Amino acid sequence: MTQPSLVFLHALGASHREWDGVRADLSDIDGIALDLPGFGERKGEGYADVAAMADDLAGEIRRRRLTACILVGHSMGGKIATIVAARAAAGEVGLAGVVGVVLVAASPPCPEPMDEDRREQMIGWVADGAIGRADAETFVDANTATPLPEPLREKAIADVRRSSREAWLGWLERGSLEDWRARVGRVSIPALIVAGAEDGDLGEAAQRAHNLPHYPHAEVRSVEGAAHLIPYEQPQALARLIRAHVAAVASSALPAAFVAILGSDRVSRRTRTAMLERTRPVADAPAGWTAAERAIAAQLVAHILPEVEDMDGLAARVERAVNQGQGDGWRFAELPADAEAWTRGLATLDAVSGGFVALDHDAQANWLERIAEGQGGATDDERHLSPAQMVLWFQDVRAEIVRQWVALPATMAAIGYDGFAVGGDGPRKQGYSRTAATDVETWQQVRETMA
Amino acid sequence: MSRAPYSHQEMVDAVVIGTGAGGAPLTARLAKAGLSVVALEAGRSFAPNDHVADELAADIYWMEERLSGGADPTAFGSNNSGMGVGGSTLHWGAFCPRPDARDLQLKSLTGQGADWPIPHAELIAYVEEVEAFTGVSGPADYPWDARRRYAYPPVPRNASADAMARGCEAMGITATDAPAALVSRDRDQPYWGQRQACVNCGTCHQGCRNAAKTSMDTSYLPFAVAHGAEVRSQARVLSFDLDHEGQITGVVYHQGGEERRQRCRAVFLCAGGVESPRLLLNLGLANSSGQVGRNFMAHVATQVWGRFDDEMRMNRGYPSSLITEDMMRPAEAGCAGGYLIQSLGVLPVNLATQLARGAGMWGTRLQSLLRQYNHMAGIGINGECLPHPDNRLTLSDETDAFGHRKARIDFSYHDNERAIDRHSRQVMTAIWEAAGAKDIFAIDRSAHTIGTCRMGGNGDEAVVDADGRSFDIANLWICDNSIFPSALAANPALTIMALSLRTADRFLALSKARAA
Ligand SMILES: Cc1cc2nc3c(=O)[nH]c(=O)nc-3n(C[C@H](O)[C@H](O)[C@H](O)COP(=O)(O)OP(=O)(O)OC[C@H]3O[C@@H](n4cnc5c(N)ncnc54)[C@H](O)[C@@H]3O)c2cc1C
Ligand code: SF4
């Protein structure tokens, strides 16, 4: 399994150094902490607007050829992370490796809720040029639940003073007020949204109201003993949350060589989007089945495709396809509509076998053989399917389960399939110049990384 | 003469329903002749660049539910019809053998099936016209027809084709590069633009992104529009207005959430082998023969698969790049006609569902075969099916979103189809053994939707006459896969396009005669 790396983005008036404490606790995970234009070591670059900062981050991901990464954005950096995640989810070239997002007291895509007096005050700090020491102290102290211990406090204050005047003003007067909601839309990449329990404008309520709606696969966590400068205030607690998110999304990360092809211009944006969408978890309640039905379906997966590890995940995809999909254009005339056929089929299987899930593997296999041969079914009850119907239903079961499995990018990677990497969006379409057996082109690298 | 866009009040010369292989060529022909033509298409309009090289995301299929019954139910959806401006030619495989002369006289020669009321030479003249207009790639010499020439050289063979060539040679079977309705060199398509040479990408069934493949939206339809026709997409035809003599005066359709009607002098129903009969049955029209929906035929499309030591990667290359016509009249096979064999290149989801359905697999064997996708290759047939009284399209009690009853198609193999299936399994297994395949197995499969509004000489036995005109409604013409009197072994689309041009010519000749 590929371990995703972390890309850290700092807040207004900070730099990559704000992540030192968090990263010390995550030293076993690859990571980079960036300075955004106008801050830290890039102070000299002055103001870059939100779009330019997002381009900067996207460029960095491409330059470093990141094939599995999680964007971790604090406050201002969170808005940038969300914008780039949205671009990745929409299939942009070179960003196929963005597999997760962590928002830390993040500024949302909508205009940031900020007390106007405070905004004016902060703008006033740079009226005469650089931010003075007293103002920087005020900023740091106002954003922490309790004063930071030294030397952390000193470090935070120094970073505030290292901000370029243009960048400071640009964010407060423009960037934080820009409305990106429509362009961000819904981002299917799994997200962890972290709030400081004692934060003000960007606390948990604001996170739920303004960031959560953009992420269908997100979890919100609140960190005690922290206000807005969580990376400084509670680095260990934050590192623990980030570590858990890394573990949660790691299973969706694809082999590096596969992502390199998927992210390349050989793949059209529509194809890439469709494939990436399939790497995301199925929403919590796919709607349709009871827990008992789900358990039987997962057991069916285990029989149809014995090597699949995440039986529940695949069963959830089947559940969604059966209950919400538009169908595949036809069904057996002898069966009721798909959703009903599945409910009745699962019930019949359970009834004839006297409780399918509790049986051992061989006994279950035995029942499936019998059903395929037309010897398992019930004609007495209209909630069930007859033996003849069960034969057809079991055909549907097999077809739907393999269809969902084979369509997963992880499966394509495992079988060394690269047929999606044709017909990109350029004026001349890519295909294959070699079509004979064993004659593999150099770009078809996938197989080399696979067992 | 008025010009497109036409108003609803205007009495246009013709409304064409459906823009696939049957509807598009005649739309072009009628427009060229100066007629005012409106084509109504239920599906959306696509640019080649819109197509997605992904089996689940491709959105060019007719996905409204059909009910499949009988002993050998046939699959629909992505297996059988398209929806969109261009119809099934958006996703067809572009394998385009010509119809065999013997198949058009099946009844006379074998006593079974039906004869076509059209001379082979006449049909072939239209086939050649379609080939010239759309651009077909094929071998320099066609072993079963010395006179035949193709405009473009064949595309490179894929690994399955090489294996099939090997196997056929060992068995003394002649095989050659398949005629493919695609351009192997850049071509400027009149009134459309540059169709770029095939890049061997293997995703024909998901839609060709560089317009190399013949598709109506990049060939006949732009020609039609340039000559004054109007194509309305997402326009779903639901019924007709009739006058007291039973002639159609207007076509009623659903578009943009409202009901609209287009007045017209003639209607060409080209909605395909399922939707054309379904519409007529729902409306209770043009069926005094009782033949609408009957004679449903699907090609026997058995496949044989195997695993090779070599890495085949059969998704690479134009999928069906090799053909043999040696089995068009297999001796002692016990079937009336015969079958064509082609090499296959199938993408993973398609292969997986075929293994699960047609080969009845699951468990370790299924999973390990799929894991070895890159080592698998197959060959398949297109076998002539005979009509049978049990095989027909009827209406189910369930209705669709428009209140029309859904189609139910019952299909079962009978002796002829079973004979083809049996014979072809043996032949293909032998070819695959000779080619070096291991772990060989067969998949049951049928394809295409043929014959449900058959053409014939008299109104008691057929729905349309030899010109494609309804026996019951004088200004209704039908042209698509449904009018085939017999299935033919050749895959249908080329013949449908040829018939479409012919239908237009017959219509124009008749109008001229009437005017004179
Ligand atoms: C996967 C696949 C591969 C194939 N490969 C080949 C091949 O290699 N070679 C070959 O010769 N053939 C092939 N075929 C078959 C070929 O595509 C069809 O036989 C042919 O396109 C049928 O033409 P048609 O005019 O009858 O219908 P279609 O081309 O399907 O056109 C019918 C059109 O009518 C529209 N329509 C339907 N109802 C309505 C309504 N009520 N109102 C408005 N519009 C309506 C539909 O949306 C559709 O666009 C293949 C088919 C499939 C599914
Ligand atoms: S193989 Fe050739 S004809 Fe088929 S989709 Fe690709 S480019 Fe088009």
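Because the structure is predicted, anything quoted here is derived from the model rather than measured. Just so we're on the same page: letters track the sequence lines, and every chain starts at 1.
Looking at B:Arg157, only its backbone comes within 4.5 Å of chain A, counting heavy atoms on both sides. B:Met361 touches chain A through its backbone: at least one of N, CA, C or O sits under 4.5 Å from a heavy atom, while the side chain does not. Only the side chain of A:Ala372 comes within contact range of chain B, judged by heavy atoms closer than 4.5 Å. In this structure, chain A has a heavy atom under 4.5 Å from the side chain of B:Thr203, while its backbone stays farther away. For A:Ile401, no part lies near chain B; criterion is any non-hydrogen pair under 4.5 Å. With a threshold of 4.5 angstrom between heavy atoms, B:Thr74 approaches chain A through N, CA, C or O but not through any side-chain atom. For B:Asp50, the parts lying under 4.5 angstrom from a heavy atom of chain A are both the backbone and the side chain. Of the two parts of A:Val267, neither the backbone nor the side chain holds a non-hydrogen atom closer than 4.5 Å to a non-hydrogen atom of chain B. With a 4.5 Å cut-off on non-hydrogen atoms, B:Asp162 touches chain A through its side chain but not through its backbone. Only the side chain of B:Pro73 comes within contact range of chain A, with at least one heavy atom under 4.5 Å from a heavy atom of that chain.
Across every non-hydrogen atom of B:Ala53 and A:Val422, the tightest pair is CB-CG2, 4.1 Å. The two atoms that bring B:Asn49 and A:Gly424 nearest to each other are OD1-O, 4.5 Å, heavy atoms only. Summarising the geometry of A:Thr435 relative to B:Gly317, their closest heavy-atom pair is CG2-CA, 3.6 Å, with the distance given to 0.1 Å. Across all their heavy atoms, B:Gly77 and A:Trp330 have their closest contact at N-CD1, 4.1 Å. The two residues B:Gly360 and A:Arg398 have their closest heavy-atom pair at CA-NH2, 3.6 Å. Across every non-hydrogen atom of A:Val402 and B:Ala352, the tightest pair is CG2-O, 3.6 Å.
One finds a salt bridge joining A:Asp418 and B:Arg313 here, because a Lys/Arg side-chain nitrogen approaches an Asp/Glu carboxylate oxygen to under 4.0 Å. B:Arg371 has a carboxylate O that lies under 4.0 Å from a charged side-chain N of A:Glu307, or vice versa, which qualifies the two as a salt bridge. For B:Glu55 and A:Arg278, the salt-bridge test fails: no basic side-chain N is under 4.0 Å from an acidic carboxylate O. The existence of a salt bridge linking A:Arg428 and B:Asp186 is confirmed by a sub-4.0 Å separation between a basic side-chain nitrogen and an acidic carboxylate oxygen. A salt bridge is defined here as a Lys NZ or Arg NE, NH1 or NH2 lying under 4.0 Å from an Asp or Glu carboxylate O, and B:Asp59 with A:Arg270 meets this definition. A salt bridge links A:Arg331 to B:Glu398: one of the charged nitrogens lies within less than 4.0 Å of a carboxylate oxygen.
We find the NE2-OG1 distance between B:His51 and A:Thr271 to be 11.5 Å, quoted to the nearest 0.5 Å. Atoms CD1 and NE2, from A:Ile415 and B:His375 in turn, are 11.0 Å apart once rounded to the nearest 0.5 Å. The OG1 atom of B:Thr364 sits 10.0 Å away from the CG atom of A:Leu305 when rounded to the nearest 0.5 Å. Note that the OG1 atom of A:Thr438 and the CG atom of B:Asn374 stand 12.0 Å from one another [nearest 0.5 Å].
In terms of heavy-atom pairs under 4.5 Å with chain B, the best-connected choice from A:Gly419, A:Pro306, A:Ala365 is A:Pro306. Between chain B and the residues A:Gly423, A:Gly431, A:Ala333, the largest count of heavy-atom pairs under 4.5 Å involves A:Ala333. The residue among B:Ala212, B:Gly70, B:Cys201 with the most heavy atom pairs within less than 4.5 Å of chain A is B:Cys201. When each of B:Gly363, B:Ala159, B:Ala407 is scored by its heavy-atom pairs under 4.5 Å with chain A, the top score falls to B:Gly363.
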Verdict with supporting geometry, A:Glu369 and B:Trp362, side chain to side chain contact (heavy atoms under 4.5 Å, CB included): CA-CA 10 Å; A:Glu369 297 282 352; B:Trp362 76 89; 4.0 Å; yes
message: Assess the residue pair A:Trp405 and B:Leu370 against the criterion (side chain to side chain contact (heavy atoms under 4.5 Å, CB included)); give the C-alpha distance rounded to whole Å, side-chain angles, the decisive distance to 0.1 Å, and a yes or no.
response: CA-CA 10 Å; A:Trp405 179 68; B:Leu370 289 174; 4.0 Å; yes
- request: List the steps, then state whether side chain to side chain contact (heavy atoms under 4.5 Å, CB included) holds for A:Gln430 with B:Val199.
  value: CA-CA 7 Å; A:Gln430 301 87 339; B:Val199 292; over 6 Å; no
Steps toward side chain to side chain contact (heavy atoms under 4.5 Å, CB included) verdict (B:Arg209, A:Asp425): CA-CA 9 Å; B:Arg209 284 176 57 83; A:Asp425 289 320; 3.0 Å; yes
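Side-chain contact, B:Tyr61 with A:Asp328: no donor N or O sits under 3.5 Å from an acceptor N or O.
By the 4.5 Å heavy-atom criterion applied to side chains, A:Met412 and B:Asp54 are counted as neighbours.
In terms of modelled atom types and a separation under 3.5 Å, the side chain of B:Asn210 and the main chain of A:Lys429 share no donor-acceptor contact. Not a single donor-acceptor pair under 3.5 Å links the side chain of A:Arg403 to the backbone N or O of B:Thr353.
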